[in-house]
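For reference, the structure is listed below as structure tokens.
Throughout, a chain's letter reflects where its sequence line sits, starting with A, and its residues are numbered from 1.
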Protein chains: 2
Amino acid sequence: MVTPKVEDYLKSIYRLQDRDTPAMTAEVAAAMGVKPPTVTAMLQRMADDGLVHYQRYQGAQLTDRGEKGALKVLRNHRLLELFLTEELGYDWAEVHDEADVLEHHLSETLVERIEALLGSPAVDPHGEPIPTADLEIRECETQQSLAKCQEGTVAVVSEVRESSADVLSYLAKAGISLGTELEVVETAPFGMITCKVRTTEKPLSLPTDVAAEIYVSRPAEPAENERREYNEA
Amino acid sequence: MVTPKVEDYLKSIYRLQDRDTPAMTAEVAAAMGVKPPTVTAMLQRMADDGLVHYQRYQGAQLTDRGEKGALKVLRNHRLLELFLTEELGYDWAEVHDEADVLEHHLSETLVERIEALLGSPAVDPHGEPIPTADLEIRECETQQSLAKCQEGTVAVVSEVRESSADVLSYLAKAGISLGTELEVVETAPFGMITCKVRTTEKPLSLPTDVAAEIYVSRPAEPAENERREYNEA
DNA sequence: GCTTTTGTTTAGACGTATCTAAATCATGTT
DNA sequence: AACATGATTTAGATACGTCTAAACAAAAGC
């Protein structure tokens, strides 16, 4: 009943909906790479199956069952991403597409064994939280989008919500990975933000929509001198 | 164009066909767990796609393209089985079902990495040969079905072509795995064969259709005394 | 408040994969 | 050689997942 395609729709709706703003047909269509009528038909079926709340022209929101389904797929996806990097030498730019296919085809047993092999990890290679076996997820509250940081902010990359392999490769080549310390040196008025990568001291300019997907948290050890300087600058 | 279902049909036909005897509709239907009309429809489509030679009422045989397709899936399947046992603690009875699903969803890259990680293995956990990257397969000619062994034969288990998890579990519990030395002690006239497992000295009776799926080869070291005794008995 | 624009839904179609029921072919028996 | 039997195919139906074209609702503009 919950086919791979339905799982993909669950994922999309999960990402698009908000507490009180449902995912609209056009948004889902864009996210899924299909035409709106396809989405309408699918939402109707998913509503019949009790996966979403749906009313014509009003978009869709996940039911509890739908959310569980989405979290299960997300769990599979993120465990796979980590598994592929840890055990099979993939890098963070390659894992997404592979995991997007395989996530729909793992048995309960296999997921458990992968999780055990990896030592019940909390986050995937992009820093995204991995739902637990009972489908709980804790979004990290202490982090913030790089796009919203003030000039002068120094922070550590803690998550990169970007699925494009090209962008991820670019970022990696530019020296950005989880844990990289960044200083925001300029926010231009035309949707661009420039940072300095603190390990290489190299400047890096990014369009705001890319920076929006990079999340940072405060440096961990405020005791050190250099770090404090930057925080107070 | 070659969907997972088509791949399943390719596998079935590959197993069922013989040099000059095509796979018949009813056989394929039985193997696939579907009704004959479903098979007819599928064979017509596969013939249109150049995967099988098919003429009404005459069954189907793989074309070269079809055989390549079958071998690719078989390669994926067997590499997965070995991967699951080696890296994720599966035993030989569990791997089949898991591999049957995943085999259709591996990228070229992933297959290559799994193969490299395993060190380009020749056989899977059941002793079945793994097709190479260029889809060559060497069936082992020096082995023989246990069902065809004479009483008194001593031989080593080299392959178990059995996909039922229950049967494989049973065999494992009875002490049979790859490399186990067996002595055929009796072939009963009602389709049963009794062996002695040489490590445990325990007797084991098997119906002929199970024994037919167990393949054995001559013991490797004929220099040892005990072994020669048995060969000459 | 009426109208235009934009987004959404219905209607009708197609390909995959399956089914049942009915028609047809192939073959072995008499 | 005709026939009965069994296997196979056709015909027609259903569910999934997608499309295009046309109808329709909601929001924005005047």
Side-chain angles (χ1 to χ4, degrees), chain A residues 1-14 16-18 20-62 65-66 69-70 73 100-101 103-105, chain B residues 1-14 16-18 20-62 65-66 69-70 73 100-101 103-105:
Chain A
M1 195 180 255
V2 177
T3 64
K5 288 292 170 186
V6 169
E7 291 184 337
D8 283 336
Y9 279 92
L10 288 175
K11 273 202 305 179
S12 285
I13 297 166
Y14 181 84
L16 289 169
Q17 75 178 1
D18 214 334
D20 26 42
T21 58
M24 301 307 288
T25 303
E27 296 174 318
V28 178
M32 295 290 302
V34 299
K35 295 296 159 70
T38 306
V39 174
T40 300
M42 188 52 122
L43 293 182
Q44 288 168 344
R45 244 186 63 218
M46 290 171 74
D48 288 347
D49 293 350
L51 295 170
V52 294
H53 298 296
Y54 169 70
Q55 279 173 239
R56 347 195 344 272
Y57 297 97
Q58 304 304 308
Q61 247 173 329
L62 297 178
R65 267 195 61 217
V73 185
D100 251 4
V101 176
E103 64 188 4
H104 308 295
H105 305 287
Chain B
M1 194 180 256
V2 177
T3 64
K5 288 293 171 186
V6 169
E7 290 184 338
D8 282 336
Y9 280 92
L10 288 175
K11 273 202 305 179
S12 285
I13 297 165
Y14 180 84
L16 289 168
Q17 75 178 3
D18 213 335
D20 26 42
T21 59
M24 301 307 289
T25 302
E27 296 174 319
V28 178
M32 295 289 302
V34 298
K35 295 295 160 66
T38 306
V39 174
T40 300
M42 187 53 123
L43 292 182
Q44 288 168 345
R45 245 187 61 219
M46 290 171 74
D48 288 347
D49 294 349
L51 295 169
V52 294
H53 298 297
Y54 169 71
Q55 279 173 242
R56 325 176 31 253
Y57 296 97
Q58 305 303 308
Q61 249 173 327
L62 297 177
R65 266 194 61 219
V73 185
D100 251 6
V101 176
E103 63 187 3
H104 308 295
H105 306 287

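- Tyr14(B) approaches Ala70(B) most closely through the heavy-atom pair CB-CB, 3.8 Å.
- Glu27(A) places its CD atom 12 Å from the C1' atom of dG7(C), with the value rounded to the nearest Å.
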Cut-off 3.5 Å, no hydrogens considered: what does the side-chain donor-acceptor table look like for residues 21-40 of chain A, sequence neighbours left out?
from: Glu27(A); atom 1: OE1; to: Met24(A); atom 2: N; distance (Å): 2.8
from: Thr38(A); atom 1: OG1; to: Lys35(A); atom 2: O; distance (Å): 3.4
from: Thr40(A); atom 1: OG1; to: Pro36(A); atom 2: O; distance (Å): 3.4

Heteroatom pairs (N/O) under 3.5 angstrom, protein to nucleotides 23-27 of chain D:
from: dA25(D); atom 1: O4'; to: Tyr57(A); atom 2: OH; distance (Å): 3.2

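- Listed by chain and residue number, Lys11(A), His77(A), His96(A), Glu103(A) satisfy the side-chain contact (heavy atoms from CB on, under 4.5 Å) test with Asp100(A) (two or more places apart in sequence, or in another chain).
- The bend of the helix from dG1(C)-dC30(D) to dT30(C)-dA1(D), defined by the angle between the axes of its first five and last five pairs, stands at 20° to the nearest 10°.
- Listed by residue number, Pro36(A), Pro37(A), Thr40(A), Gln44(A) are the residues of residues 33-47 of chain A with a heavy-atom contact under 4.0 Å to DNA chain C.
- Every residue two or more places apart in sequence or in another chain that forms a side-chain contact (heavy atoms from CB on, under 4.5 Å) with His105(A) is listed here: Pro4(A), Val101(B), Leu102(B), His105(B).
- Put simply, NZ on Lys5(B) is 13 Å from P on dG17(D), counting in whole angstrom units.
- Atom P of nucleotide dG17(D) and atom OH of Tyr9(A) are separated by 8 Å, given to the nearest angstrom.
- Summarising the geometry, the separation between NE2 on His104(B) and P on dT16(C) is reported as 17 Å, rounded to the nearest angstrom.
- OP1 or OP2 of dT9(D) has at least one side-chain nitrogen or oxygen of Tyr54(B) nearer than 4.0 Å.
- Distance Met32(A) CE to dC19(D) C1': 15 Å, rounded to the nearest Å.
- Side-chain N or O atoms of Glu7(B) include none that pairs as donor or acceptor with a backbone N or O of Val73(B) at under 3.5 Å.
- In this entry the distance linking CG of Leu16(A) with C1' of dG7(C) reads 16 Å, nearest Å.
- Judged purely by atom type and a 3.5 angstrom limit, Arg65(A) uses its side chain to pair as donor or acceptor with the backbone of Asp49(A).
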